[in-house]
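Excluded from the calculations below are hydrogen atoms, water molecules and symmetry mates; all remaining heavy atoms, backbone and side chain alike, are included. One-based numbering along the sequence shown.
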Amino acid sequence: MIERISSPIKTKEIIEKNNFYFKKNFGQNFLVDSNILDNIISAANITKDDFVLEIGPGIGSLTQYLAESAGKVVAVEIDTNLIPILKETVGDYDNLEIINEDILKLDINALVAEKNNSKPIKVVANLPYYITTPIIMELLEKKVNVESITVMVQREVAARMQASAGTKDYGALSIAVQFYSDAKTDFIVPPSCFMPRPNVDSAVITLTLLGKKKVETIDQDFMFHIVKCAFGQRRKTLMNTLNNLGKLNLSKEEITEAITSIGISEKIRGEALTIEQFALLSDELYRRSKK
Ligand code: SAM
């Protein structure tokens with residue numbers, strides 16, 4: 001059997017041999033539990049037919065499992081100090097390509113076009129926590145050709161992704177995740193499975209992108225503009241938020257009319273609206289602003 005990079009002894013050895021220092025600002029908490037890695041591969045249902053994009057390979061703990069299960073893996077790592085280490089730990093896998101780049105600056109659509117002929121990919125990652133929301137929003141909203149996203153996130157972020165209207169966890173992330181995908185928490189991961197240990201529990205969550213949307217709307221970008229504004233000022237009434245939105249070009253009366261036409265009170269806060277209500281409202285506002 002091939003030696004696992006993820007064993008605590010091996011990880012420590014690699015770190016010390018290379019004089020590597022963990023960078024907190026890059027969210028570097030490496031996985032040191034082989035059961036968890038096996039479970040991530042099962043949750044993502046990786047087969048040799050899959051093209052996988054890994055975000056943040058670290059020293060290659062998850063990368064090794066992915067390269068052994070998938071057809072092709074592209075791993076994007078921001079930390080230049082990790083590139084020579086990855087060459088040593090996983091450089092022998094000929095179905096693996098490592099790119100030294102900030103994933104938030106990379107044109108993922110262009111990458112998928114170039115490396116996988118724009119065919120659907122799977123995203124699998126133990127995400128650095130500070131980029132969880134922007135990267136998930138980007139993958140969903142930029143309409144990258146993704147089949148599924150299986151990621152380790154903070155447990156409370158997994159809860160936010162699945163939150164219902166009116167709860168404290170509900171926000172723009174919940175709406176984007178539930179609008180574009182079916183979300184399922186696969187399992188919870190305690191701090192002891194990482195080196196160094198984070199302060200909070202983590203969760204692996206899989207988002208399976210929907211072929212056909214559950215909720216229809218005239219213009220998705222317009223709807224998400226309304227959603228983000230509503231949650232940007234979540235203590236204000238929806239009426240006040242929309243009234244301050246320059247882009248709308250509608251009078252207070254027209255906004256009130258749009259809100260009440262879908263059967264809700266003008267005094268309601270945005271956080272109380274379901275995704276279906278956001279879609280109905282944004283369609284009403286869209287039609288009125290195009291008149
Ligand atoms: N996959 C490894 C594992 O499971 O042990 C490492 C996971 S660690 C939580 C996050 C990794 O993402 C680190 O290697 C970090 O350097 C990298 N990273 C942080 N920000 C990044 C970014 N913007 N783009 C690409 N990689 C990033």
Side-chain angles (χ1 to χ4, degrees), residues 2-33 36-37 40-41 44 51-70 72-116 121-139 142 144 146 149-154 157 191 193-199 202:
I2 300 169
E3 193 179 14
R4 292 293 168 211
I5 297 158
S6 54
S7 85
I9 293 175
K10 186 72 187 166
T11 297
K12 209 159 173 267
E13 186 190 306
I14 295 168
I15 299 293
E16 283 173 1
K17 185 179 146 213
N18 290 282
N19 269 324
F20 179 78
Y21 291 94
F22 291 97
K23 293 179 196 72
K24 225 177 167 178
N25 58 332
F26 282 158
Q28 292 175 339
N29 300 95
F30 298 161
L31 269 166
V32 288
D33 187 307
I36 299 293
L37 288 156
I40 293 175
I41 300 297
F51 178 104
V52 176
L53 169 65
E54 187 193 5
I55 299 163
I59 59 167
S61 319
L62 174 58
T63 322
Q64 181 175 44
Y65 282 69
L66 290 170
E68 286 173 14
S69 323
K72 167 95 185 158
V73 180
V74 171
V76 179
E77 175 55 61
I78 195 171
D79 188 350
T80 309
N81 292 342
L82 286 167
I83 304 305
I85 303 182
L86 283 163
K87 287 222 167 83
E88 193 186 305
T89 56
V90 287
D92 286 344
Y93 291 102
D94 53 16
N95 61 341
L96 169 68
E97 187 177 337
I98 292 160
I99 299 176
N100 185 196
E101 204 24 293
D102 178 347
I103 191 72
L104 297 176
K105 293 194 181 138
L106 202 73
D107 181 343
I108 304 179
N109 270 318
L111 181 99
V112 178
E114 185 198 332
K115 311 278 181 199
N116 201 36
I121 64 161
K122 287 184 176 175
V123 175
V124 183
N126 170 14
L127 281 181
Y129 293 153
Y130 78 104
I131 66 163
T132 305
T133 301
I135 193 64
I136 297 288
M137 289 302 250
E138 162 143 13
L139 289 169
K142 290 248 174 91
V144 178
V146 175
I149 302 171
T150 299
V151 280
M152 176 92 67
V153 298
Q154 286 181 330
V157 178
C193 297
F194 300 89
M195 187 186 292
R197 294 180 179 195
N199 295 326
S202 305

Exercise for review: Check whether any side-chain N or O of Gln28 sits under 3.5 Å from a backbone N or O of Lys23 as a donor-acceptor pair, and report yes or no.
Suggested key: yes

Here the pair of heavy atoms bringing Ala44 nearest to Val124 is CB-CG2, 4.0 Å

Heavy-atom closest pair (Arg197 atom, Asn29 atom, distance to 0.1 Å) is C-ND2, 4.1 Å

message = Within the structure provided, determine whether Val151 and Ile136 are in side-chain contact (heavy-atom separation under 4.5 Å).
response = yes

The side chain to side chain donor-acceptor pair (under 3.5 Å) partners of Ser6 (sequence neighbours excluded) come to none

In short, Tyr130 meets Asn25 closest at the heavy-atom pair CE2-O, 3.5 Å

In terms of heavy-atom contacts, Val144 and Asn109 come closest through CA-OD1, 3.3 Å

Handout entry: Asp92, CG atom: more than 12 neighbouring heavy atoms under 6.0 Å
Key = no

By side-chain contact (heavy atoms from CB on, under 4.5 Å), Glu13 pairs with (sequence neighbours left out) Lys10

Salt bridge (Lys or Arg N to Asp or Glu O under 4.0 Å) filter on Asp33, not counting sequence neighbours, yields none

I'd like to know whether Ile40 forms a side-chain contact (heavy atoms from CB on, under 4.5 Å) with Tyr65, so could you lay out the CA-CA distance, the side-chain angles of the two residues, the decisive distance to 0.1 Å, and finally the verdict.
CA-CA 9 Å; Ile40 293 175; Tyr65 282 69; over 6 Å; no

When rounded to the nearest 0.5 Å, the distance separating CD1 of Ile98 from CD of Glu77 is 9.0 Å

For Ile135, the side-chain contact (heavy atoms from CB on, under 4.5 Å) test, sequence neighbours excluded, returns Ile55, Ile103, Leu104, Ile108, Leu127, Ile131, Leu139

Between Asn95 (side chain only) and Ala67 (backbone N and O only), is there a donor and an acceptor less than 3.5 Å apart? yes

Residues at least two apart in sequence or cross-chain that pass side-chain contact (heavy atoms from CB on, under 4.5 Å) with Thr133, listed by chain then number, are Met137, Arg160, Leu173

Residue pairs meeting salt bridge (charged side-chain N to carboxylate O under 4.0 Å, His left out), one or both in residues 129-138, sequence neighbours left out, come to Glu138-Lys142

The side chain to side chain donor-acceptor pair (under 3.5 Å) partners of Glu54 (sequence neighbours excluded) come to Thr63

With sequence neighbours left out, the residues meeting side-chain contact (heavy atoms from CB on, under 4.5 Å) with Thr11 are Ile15, Val32, Ile59, Met195

Check: Val74 main-chain N/O paired with Lys115 side-chain donor or acceptor under 3.5 Å
no

Interatomic distance, CD1@Ile121 vs CG@Leu53, rounded to 0.5 Å, equals 4.5 Å

Counting only pairs under 3.5 Å, give me each side-chain donor-acceptor contact of residues 81-88, with atom names and distances, residues two or more places apart or in other chains.
residue: Glu88; atom: OE2; partner: Lys17; partner atom: NZ; Å: 2.5

Across all chains, not counting sequence neighbours, the side chain to side chain donor-acceptor pair (under 3.5 Å) partners of Asn100 are Thr80

ring-ring contact (aromatic ring centres under 6.0 Å, His included) filter on Phe22, not counting sequence neighbours, yields Phe20, Phe30

CG of Leu62 to CG of Leu66, rounded to nearest 0.5 Å, is 4.0 Å

Between Ile41 and Ser69, the two heavy atoms sitting closest are CG2-OG, 3.5 Å

OH (Tyr21) and CG (Asp79) are apart, to the nearest 0.5 Å, by 14.0 Å

Determine, step by step, whether Thr89 and Gln64 satisfy the side-chain contact (heavy atoms from CB on, under 4.5 Å) criterion, reporting the C-alpha distance in whole Å, the side-chain angles of both residues, the deciding distance to 0.1 Å, and the verdict. CA-CA 8 Å; Thr89 56; Gln64 181 175 44; over 6 Å; no

Sidechain N-carboxylate O distance under 4.0 Å for Glu68, Arg4: yes

Sorted by chain and number, sequence neighbours left out, side chain to side chain donor-acceptor pair (under 3.5 Å) with Glu101 holds for none

